[in-house]
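Working notes for the structure below.
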Number of protein chains: 2
Amino acid sequence: MYMKHKRIPDETIRRLPLYLRGLVFLLQEGHLSVSSEKFGDYVGVNSSQIRKDFSYFGEFGVRGVGYDIRKLAIEIKGILKLNEIHKAALIGAGNLGSAIISYPGLQLYGFDITAVFDNNTHKIGKKIRDIEILDVAKLGILKKKNIQIGIITVPRNAAQETADALVKAGVTGILNFSPCYIIVPKNVKVITIDIAGYLARMPYYITAG
Amino acid sequence: MYMKHKRIPDETIRRLPLYLRGLVFLLQEGHLSVSSEKFGDYVGVNSSQIRKDFSYFGEFGVRGVGYDIRKLAIEIKGILKLNEIHKAALIGAGNLGSAIISYPGLQLYGFDITAVFDNNTHKIGKKIRDIEILDVAKLGILKKKNIQIGIITVPRNAAQETADALVKAGVTGILNFSPCYIIVPKNVKVITIDIAGYLARMPYYITAG
DNA sequence: AATTACTTGTGCTTGCGTTCACATGCACAA
DNA sequence: TTGTGCATGTGAACGCAAGCACAAGTAATT
């Protein structure tokens with residue numbers, strides 16, 4: 001097949017995990033192919049949008065028929081670089097940190113949290129889900145373990161120093177759950193998830209007037 | 001002062017909680033006024049963007065000086081309807097649910113989770129943070145309690161039915177942490193946060209080639 | 001009063017993302 | 001082989017958002 005080389009827009013990349021998830025579950029439900037219309041209803045995206053998104057990385061559909069779910073899933077995995085297991089470290093073994101370690105959804109994309117850190121001496125040495133909590137001072141071992149992804153679930157005032165330490169330990173991707181902006185070198189990618197911020201918009205949307 | 005009445009773009013609304021948070025913390029640090037440049041650096045947004053965003057709801061700045069932090073915070077609170085405490089219910093007292101109940105960031109915006117539900121008989125009757133876990137079958141009491149916001153932290157396969165029950169109980173805003181698309185009547189607002197989905201984009205950004 | 005230094009508010013340009021609408025192409029049946 | 005039905009792929013139009021660049025306005029100083 002002739003491979004197109006269009007740039008994939010950022011917004012499309014943002015939707016790819018959503019698509020991949022949908023495809024995986026459709027497969028589990030026994031489907032082998034799906035139309036953009038049906039799939040759109042399934043994941044909550046306009047069908048035109050879906051066709052355009054898919055078209056950025058080739059012609060995977062068959063006119064009159066639909067898309068081969070398996071082929072599509074493999075392709076999206078390839079684009080997102082999810083073909084191999086990705087190890088991640090989590091810093092901050094509090095409530096949110098514990099919840100994320102136990103979060104079942106991470107498996108689907110091939111993530112494995114293999115290291116957990118905290119600065120609380122009462123927590124260090126204990127285990128969460130069979131993973132020993134290490135002293136945050138020992139973050140340096142991430143380099144040896146070749147872990148490139150860090151998840152920050154520490155209190156707001158410790159977020160920046162934690163990020164600095166992660167960068168120093170060779171991490172190039174940070175998922176930040178602390179409600180603050182953190183500064184990193186240009187070669188490091190930060191995605192901040194401000195949970196409370198999402199909730200904060202709710203009254204605006206649901207209040208009349 | 002003459003009040004402009006421009007439509008506030010959705011993307012601006014999305015940033016308002018971020019701004020409000022920044023302003024609150026600047027106040028705590030003792031600042032009374034701030035320039036768009038400084039504030040931009042503080043929250044990680046371009047200064048033009050900040051000026052434009054603020055301009056949608058009036059002229060709050062003073063040329064040559066900057067913005068009055070207190071006035072601005074009050075205004076943003078007003079727009080987001082965060083002037084009064086908002087009660088919310090949480091369904092699904094698992095790891096993630098527990099973490100969110102204990103999440104300190106919700107206070108800042110004036111949210112209070114006053115009801116928790118689960119369908120697990122082992123959990124019903126127990127308490128999380130002084131809040132008794134109720135049987136999800138009793139969701140109807142939300143109407144009496146006048147709770148309009150629901151937070152879904154149940155497993156994927158129970159998300160849609162939970163949403164249906166919430167809608168039936170009079171909820172008009174749903175914050176959905178289950179990794180799936182849920183269907184609700186048009187008058188109900190859903191915001192879905194797919195935690196794993198954010199992480200799934202990371203390898204794409206950080207992997208060379 | 002005039003000068004300087006500074007910062008806002010905004011018109012305009014540019015770029016990006018979404019959606020429409022239809023030509024294109026495939027599969028199947030007669 | 002022809003016709004029918006269906007669903008993709010995409011050019012084009014539209015709409016929204018971001019960022020530039022500068023006029024307008026304020027404060028402080030001389």
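In the text below, chain A, chain B and the rest are named by the order of the sequence lines, each starting its count at 1. In this text, all values refer to a predicted model and were calculated from it rather than measured experimentally.
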Integer-rounded Å distance: C:dG17 C1' and A:D53 CG: 10 Å
Sugar-phosphate only, base, or nothing, as touched by B:Y67 at under 4.0 Å among non-hydrogen atoms: sugar-phosphate
Among D:dG9, C:dA27, C:dG9, the nucleotide that comes nearest once only the side chain of A:V62 is considered: C:dA27
A:S48, nearest nucleotide to its side chain (from C:dA21, D:dA21, D:dT8): C:dA21
Value in whole Å for how far the P atom of C:dG17 lies from CG of A:L16: 13 Å
Base of C:dT8 paired with side chain of B:R63 (donor-acceptor, under 3.5 Å): yes
Close aromatic pair by centroid cut-off 6.0 Å: A:Y42 and A:F25: no
A:G64 or A:P9, whichever maps to the more 5' nucleotide of DNA chain C: A:P9
From OG1 (A:T207) to CD (B:Q148), nearest 0.5 Å: 7.5 Å
Value in whole Å for how far the C1' atom of D:dT8 lies from CD of A:E37: 12 Å
For atom CG of B:D68 and atom C1' of C:dT8, their distance in whole Å: 14 Å
d(CZ, B:F39; P, C:dC6) in whole Å: 22 Å
Rounded interatomic separation in angstrom, taking OH from B:Y56 and P from C:dG9: 13 Å
Sugar-phosphate only, base, or nothing, as touched by A:S36 at under 4.0 Å among non-hydrogen atoms: sugar-phosphate
Minimum-distance nucleotide (side-chain atoms of A:E11 versus C:dG17, D:dA18, C:dT8): C:dG17
Contact nearer the 5' end of DNA chain C, comparing B:G66 with A:R14: B:G66
Phosphate contact (D:dG15 OP1 or OP2) by B:R7 side-chain N/O below 4.0 Å: no
Phosphate OP1/OP2 of D:dA18: any B:R15 side-chain N/O under 4.0 Å: yes
Check: C:dT10 base within 3.5 Å donor-acceptor of B:K52 side chain: no
Whole angstrom value for the distance that separates P of D:dA17 from CD1 of B:I8: 12 Å
Gap separating the CD1 atom of A:I133 from the CG atom of A:N120, nearest 0.5 angstrom: 9.0 Å
Gap between atoms NZ and P, on A:K38 and D:dT8 respectively (whole Å): 10 Å
Below 4.0 Å: OP1/OP2 of D:dA7 and any side-chain N or O of A:S35: no
Distance (rounded to the nearest 0.5 Å) between B:F117 CZ and B:I131 CD1: 11.0 Å
Ring-face cation of B:K81 near A:Y204 (centre distance under 6.0 Å, axis angle within 45°): no
